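The next block holds one structure in the form of structure tokens; read it before the comments.
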Amino acid sequence: MEQSFIMIKPDGVQRGLVGDIISRFENKGFSLKGLKLVSVDRAFAEKHYADLSARPFFNALVQYIISGPVVAMVWEGKSVVATGRKIIGATNPSDSAPGTIRGDFAIEMGRNVIHGSDAVESAAREIALWFPEGVVGWTSSLHPWVYEK
Ligand code: IDP
Ligand code: MG
């Protein structure tokens, strides 16, 4: 089953949005497979955002991610990568639809509350980076009530 790496950024933690954000993924029917509150250092943040290292906002982005603890999660389910991006909303909160996490809770790109993997391949890379210890293997007893088969 597909997995996505989802991270509540430091502003989301500071603003007390952790419970609401987790509820949105739980309520959808996705399964939580990994969860931890961590502070990462500059080198780790630079590795996570390596693809963006040439962008003008890279330093500000890294500074933002290391400014406080983040909640790192692995969520599993059918099409969780693409659907997770829909739940999160557009990168720029000015373009994020109301009802999405960024649409409901954010105003600026540099304070957009949450990260979600953009493809199945990047999800695998990010999960390996953030959860080198692996995630938890379990199946929700609600599985047959969420999936037809
Ligand atoms: P995503 O988080 O929606 O996948 P990416 O393009 O991967 O967006 O960018 C990573 C993060 O970098 C964004 O979530 C946002 O916090 C920040 N960011 C992206 N583009 C800009 C920009 O043009 N100005 C400032 N920050 C940006
Ligand atoms: Mg991205």
Side-chain angles (χ1 to χ4, degrees), residues 1-137 140 146-147:
M1 187 78 86
E2 190 171 300
Q3 295 185 333
S4 186
F5 175 69
I6 304 291
M7 173 190 42
I8 304 174
K9 294 176 175 177
D11 50 334
V13 174
Q14 297 285 351
R15 292 174 56 196
L17 301 176
V18 172
D20 186 297
I21 290 170
I22 289 176
S23 288
R24 290 175 186 228
F25 283 84
E26 275 187 331
N27 290 344
K28 176 69 176 170
F30 293 134
S31 291
L32 184 62
K33 298 285 161 137
L35 171 72
K36 57 188 176 185
L37 179 76
V38 281
S39 293
V40 298
D41 63 17
R42 181 171 295 278
F44 188 93
E46 286 175 351
K47 198 180 279 188
H48 171 74
Y49 280 123
D51 294 353
L52 300 173
S53 61
R55 306 296 290 275
F57 57 84
F58 182 67
N59 282 336
L61 173 59
V62 169
Q63 191 57 44
Y64 166 36
I65 296 307
I66 67 175
S67 64
V70 300
V71 174
M73 297 178 281
V74 175
W75 286 91
E76 185 176 285
K78 184 177 180 182
S79 301
V80 65
V81 171
T83 304
R85 296 280 293 189
K86 289 182 193 161
I87 291 170
I88 288 170
T91 303
N92 187 339
S94 300
D95 301 326
S96 317
T100 66
I101 292 167
R102 288 167 174 167
D104 288 350
F105 296 135
I107 292 177
E108 294 206 320
M109 271 200 281
R111 295 288 185 272
N112 64 358
V113 173
I114 184 164
H115 165 86
S117 305
D118 63 6
V120 172
E121 303 74 50
S122 49
R125 182 185 75 79
E126 293 168 359
I127 291 166
L129 177 67
W130 287 81
F131 289 88
E133 70 276 24
V135 298
V136 179
S140 168
V146 173
Y147 293 98

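Counting starts at 1 for both ligands and their atoms, following the listed order. What's counted below: heavy atoms across the whole structure, side chains too, no hydrogens, waters or symmetry copies. Quick caveat, the model's predicted, so the values are computed rather than measured.
- Using a 3.5 Å distance cut-off with no hydrogens or angles, the side chains of Ser23 and Asn27 do not pair a donor with an acceptor.
- Not a single heavy atom of Arg55 sits closer than 4.0 Å to an atom of ligand 1.
- Using a 4.0 Å cut-off between charged side-chain N and carboxylate O, Glu126 and Lys47 make no salt bridge.
- Side-chain contact check for Glu76 and Ser31: no donor-acceptor pair (N or O, by modelled atom type) lies under 3.5 Å.
- Counting atoms of ligand 1 from 1 in the listed order, those under 4.0 Å from a heavy atom of Asn112 are 13 (C), 14 (O), 15 (C), 16 (O).
- Ranking protein heavy atoms by distance to atom 1 (P) of ligand 1, first place goes to Thr91 OG1, 3.5 Å.
- Remark: Lys33 is not positioned above the aromatic ring of Phe131, lacking an NZ or CZ atom under 6.0 angstrom from the ring centre and at most 45 degrees off the axis.
- Given atom 10 (C) of ligand 1, the protein heavy atom at minimum distance is Leu52 CD1, 3.5 Å.
- Classification of the His115-Phe5 ring pair by plane angle, with boundaries at 30° and 60°, yields tilted.
- Atoms of ligand 1 found under 4.0 Å from any heavy atom of Leu61 (numbered from 1 in listed order, with element): 11 (C), 12 (O), 16 (O), 17 (C).
- Note on ring orientation: taking the six-membered ring where Trp is involved, the planes of Trp130 and Phe44 are perpendicular (angle over 60°, cut-offs 30° and 60°).
- For atom 2 (O) of ligand 1, the candidate residues are Met7, Met109, Arg85, Arg102; the nearest heavy-atom contact is made by Arg102.
- Comparing Tyr49, Tyr64, Phe57 against atom 21 (C) of ligand 1, the shortest heavy-atom distance belongs to Phe57.
- Ligand 1 lies less than 4.0 angstrom from a heavy atom belonging to Lys9.
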